[in-house]
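The next block holds one structure in the form of structure tokens; read it before the comments.
Basis for what follows: all heavy atoms, side chains included, without hydrogens, waters or symmetry-related copies. Note that the coordinates shown come from a computational prediction; the quantities given were computed from them, not determined experimentally.
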Amino acid sequence: MSRYDFSAQRLFVEAPLEAGARIIPDADRLNYLLNVLRLREGDAILLFNGRDGEWRASLEEVAKRKAILVAKERLRAQTASADLHYCFAPLKHARLDYMAQKATEMGAARLAPIITRRTQARRVNLERLAANVVEAAEQCGVLSVPEVVEEVALEAYLAAREAGRLLVFCDEDAERADPVTALRAAPAHQGVDVLVGPEGGFDPAEREAILAAPLVARLSLGPRILRADTAAVAALTVVQAVLGDWR
């Protein structure tokens with residue numbers, strides 16, 4: 001990645017990408033291309049869709065209300081995303097935006113809002129959340145765009161967990177102060193969920209239910225109380241370093 005051109009403009013598209021593929025931008029994306037990025041006929045842009053890698057494309061057939069993006073050359077093959085789900089109690093708008101962007105940058109494959117008894121915001125604007133995920137992926141060279149799923153209650157989340165997945169429970173009462181040691185001692189697993197609670201923490205009954213679940217690793221995030229959006233970065237950093245694709 002040290003040789004990657006981070007100054008290049010990137011655009012996420014839903015359409016399949018292959019040599020010669022012709023993508024017609026919708027009105028919002030056309031406005032972005034022509035009036036925000038100020039691209040002109042023949043200008044290059046990088047396209048990705050989370051499935052087919054990254055492609056160099058050119059802007060062609062530009063008119064007042066129309067243009068076509070033509071894929072020319074694949075620059076990077078698609079890489080598999082880490083089997084890492086970030087599960088979180090929703091926050092209010094600005095801090096939720098920040099959290100979604102950072103979780104995307106840190107390699108989360110899924111963002112899963114979890115409603116707890118002390119959750120600040122009980123309704124999640126999934127469209128806004130997905131838009132923040134896409135924007136972060138466009139800006140940071142990310143190829144795999146995290147899936148955004150609908151919010152569920154903590155009880156429903158625990159009941160529906162896939163067998164074999166490790167649940168990394170970010171718990172201020174964790175006995176092991178060293179998060180690296182705690183993760184290295186985690187049982188064998190297939191995939192990782194990272195669970196961060198609301199600002200007020202989980203209530204005693206919720207903590208008891210989480211600790212009773214199978215394949216749980218309690219994770220301390222240090223001697224200081226972190227805001228939930230800060231905890232996202234801290235937890236995902238440790239998990240990626242010990243269990244994920246930073247190894």
- Approximate separation, where rounding is to 0.5 Å, of I45 CD1 and Q9 CD: 6.5 Å

- Item | Heavy-atom side-chain contact between Q240 and D245 under 4.5 Å | yes

- Message: Whether the Q78 and S144 side chains hold a donor-acceptor pair (N or O, under 3.5 Å, no angle test) is what I'd like checked.
- Response: yes

- Query: Side chain of R218, backbone of A182: donor and acceptor closer than 3.5 Å?
  - Reply: no

- Query: If only atom types and distance count, is the side chain of E60 paired as donor or acceptor with the main-chain N or O of G42 below 3.5 Å?
  - Reply: no

- Are L236 and L226 co-members of a hydrophobic cluster defined by side-chain heavy atoms under 4.5 Å apart? yes

- Cation over ring face, R110 and Y86, 6.0 Å, 45°: no

- Message: Taking CG in L126 as the centre, count heavy atoms belonging to other residues, nucleotides or ligands within less than 6.0 Å. Is the count above 12?
- Response: yes

- Transitive ILVMFWY side-chain link Y157 to V168, under 4.5 Å: no

- For the hydrophobic clusters of this structure (ILVMFWY residues joined by side-chain heavy atoms under 4.5 Å, transitively), does one cluster hold both L221 and M106? yes

- Would you find more than 12 non-hydrogen atoms of other residues, nucleotides or ligands less than 6.0 Å from R40 atom CZ? yes

- Could you tell me which non-hydrogen atom of V196 sits nearest to which non-hydrogen atom of A228, and how far apart they are? CG1-O, 4.2 Å

- Message: Looking at R51 and E14, would you say the former's side chain and the latter's main chain have a donor-acceptor pair under 3.5 Å?
- Response: yes

- Message: For R38, is there any backbone N or O sitting under 3.5 Å from a side-chain donor or acceptor partner on N35?
- Response: no

- Under 3.5 Å donor-acceptor, R56 side chain and A71 backbone: no

- Message: In the structure I gave you, are the side-chain heavy atoms of P90 and I115 within less than 4.5 Å of one another anywhere?
- Response: yes

- Message: Would you say that L33 contacts L69 through its side chain, given a criterion of any heavy-atom pair below 4.5 Å between the two side chains?
- Response: yes

- Message: Pair V192, Q190 - check side-chain contact (heavy atoms from CB on, under 4.5 Å), show working.
- Response: CA-CA 7 Å; V192 177; Q190 295 179 335; over 6 Å; no

- Item | Residue pair L166 / A186: nearest heavy atoms and the distance that separates them | CD2-CB, 3.8 Å

- Query: Can you tell me how far the SG atom of C87 sits from the CD1 atom of I114, to the nearest 0.5 Å?
  - Reply: 5.0 Å

- Query: Is there a side-chain contact between D52 and E18, using heavy atoms and a 4.5 Å cut-off?
  - Reply: no

- Task: Can you spot which of V134, L84, T104 makes a side-chain contact (heavy atoms from CB on, under 4.5 Å) with P146?
- Result: T104

- Message: Keeping T116 on the side-chain end and T119 on the backbone end, is there a donor-acceptor pair under 3.5 Å?
- Response: yes

- Task: Please step through side-chain contact (heavy atoms from CB on, under 4.5 Å) for the pair R165 and D83, ending with a clear verdict.
- Result: CA-CA 9 Å; R165 293 190 69 84; D83 193 359; 2.8 Å; yes

- Item | K102 and D229, any side-chain heavy atoms less than 4.5 Å apart | no

- Message: Under a 3.5 Å distance rule, please check whether S220 uses its side chain to pair with a backbone N or O of G222 as donor and acceptor.
- Response: yes

- Starting at CG of L47, measure out to NZ of K72 and round the result to the nearest 0.5 Å. 11.5 Å

- Message: Pairing donors with acceptors under 3.5 angstrom, does anything connect the side chains of Y98 and N132?
- Response: no

- Nearest heavy atoms of L17 and I23, plus distance in Å: CD2-CD1, 3.8 Å

- Please tell me if the side chains of F48 and R76 come closer than 4.5 Å, counting only heavy atoms from C-beta onward. no

- Task: Mark yes or no for whether E41, through its side chain, and E61, through its backbone, hold a donor-acceptor pair below 3.5 Å.
- Result: yes

- V194 side chain reached by F169 side chain, heavy atoms, under 4.5 Å: no

- Between E105 and Q101: side-chain donor-acceptor atoms closer than 3.5 Å: no

- Item | Note, L96 side chain near L129 side chain (heavy atom, < 4.5 Å) | yes

- Distance, nearest 0.5 Å, that separates CG of L59 from CG of L34: 6.0 Å

- Shared hydrophobic cluster, L183 / W246 (ILVMFWY, side-chain heavy atoms < 4.5 Å): yes

- Query: What closest approach, in Å, do R207 and F202 show between heavy atoms, and which atom pair accounts for it?
  - Reply: NH1-O, 3.7 Å

- Hey, are D28 and N31 close enough side-chain-wise for a donor-acceptor pair under 3.5 Å? no

- Item | Spacing of CG belonging to L158 relative to CG belonging to L195, to within rounding of 0.5 Å | 7.5 Å

- Task: Quick one: do V242 and R184 satisfy side-chain contact (heavy atoms from CB on, under 4.5 Å)? Show the steps, please.
- Result: CA-CA 7 Å; V242 180; R184 285 177 175 165; 3.7 Å; yes

- Query: For the atom pair CG (L11) and CG (L37), what is the distance rounded to the nearest 0.5 Å?
  - Reply: 8.0 Å

- How far apart are the closest heavy atoms of R10 and V142, and which atoms are they? NH2-O, 3.0 Å

- Give a yes or no answer on whether the side chain of E138 reaches the backbone of F12 with a donor-acceptor pair at less than 3.5 Å. yes

- Message: Hydrophobic cluster membership, with links at side-chain heavy-atom distances under 4.5 Å among I/L/V/M/F/W/Y: are V13 and L143 in one?
- Response: no

- Item | Step-by-step side-chain contact (heavy atoms from CB on, under 4.5 Å) determination, L167 to I210 | CA-CA 9 Å; L167 175 56; I210 295 168; 4.0 Å; yes

- For L219 against P179, the heavy-atom pair lying closest together: CD1-CB, 3.3 Å

- Query: So, the side chain of E206 versus the backbone of D203: is there a donor-acceptor pair under 3.5 Å, distance only?
  - Reply: yes

